[in-house]
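Have a look at the structure below, then the notes.
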Amino acid sequence: MSIPRDQPVSEAEITVNDDVIAYIKERNCDFRICTSCGGPVLLPVAARPPKPSDLQIHIGGQVIYVSIYQARDLQTIHAGLIPSSFFRQDPDWY
């Protein structure tokens, strides 16, 4: 269910799954939900800096910034939004 474009969105309307909370706390940095060619994606702010218009969801000492363009259609932040190739540990993957 998406929210009409003329209605404001609140961070209280978006839930964060426990596995994503653990992932963020383990990495100890802020993240951002932004738009990619494949849909919404969760990236560290070092890769995709937040914008002043982003919603903020606080997870302990970290923040998930959510693009206003994604916030209207996003109900849950789940592990499927984490690009697996972005965080590969193998240094030869690129």
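Just so it is clear, the structure is predicted and the values come from calculations on it, not from any experiment.
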Could you tell me if the side chain of L43 sits less than 4.5 Å from the side chain of P83, heavy atoms only? yes
Tell me whether I21 shares a hydrophobic cluster with L55, the cluster being built from Ile, Leu, Val, Met, Phe, Trp, Tyr side chains joined at under 4.5 Å. yes
Check: I64 and V66 side chains under 4.5 Å, non-hydrogen atoms: yes
Can you run down the side-chain hydrogen bond (donor to acceptor under 3.5 Å, both in side chains) pairs that involve residues 40-53, sequence neighbours left out, and say none if there aren't any? none
Correct closest heavy-atom pair for H78 and N17 would be CB-ND2, 3.3 Å
With a 4.5 Å cut-off on side-chain heavy atoms, are T76 and I14 touching? no
Can you list every pair that meets salt bridge (charged side-chain N to carboxylate O under 4.0 Å, His left out) and has a residue in residues 29-40, with sequence neighbours left out? R32-D54
With clusters defined by side-chain heavy atoms of hydrophobic residues (ILVMFWY) lying less than 4.5 Å apart, directly or transitively, does I57 cluster with L74? yes
So, using side-chain hydrogen bond (donor to acceptor under 3.5 Å, both in side chains) as the criterion, who are the partners of N28 when residues are at least two apart? Q62
Distance in Å, I59 CD1 paired with F31 CZ, rounded so as to fall on 0.5 Å steps: 11.0 Å
What pairs with S36 under side-chain contact (heavy atoms from CB on, under 4.5 Å), at least two apart in sequence or on another chain? V41
I'd like to know if V20 and L81 are part of one continuous hydrophobic network [Ile/Leu/Val/Met/Phe/Trp/Tyr, side-chain heavy atoms within less than 4.5 Å]. yes
Between T35 and Q70, a side-chain donor and acceptor under 3.5 Å: yes
Sub-4.5 Å side-chain heavy-atom contact between S67 and I33: no
Can you see which heavy atom on Y69 is nearest to which on D73, and at what distance? O-OD2, 4.4 Å
Shared hydrophobic cluster, I24 / I82 (ILVMFWY, side-chain heavy atoms < 4.5 Å): yes
Going hydrophobic residue to hydrophobic residue with side-chain gaps under 4.5 angstrom, can you get from Y23 over to V16? yes
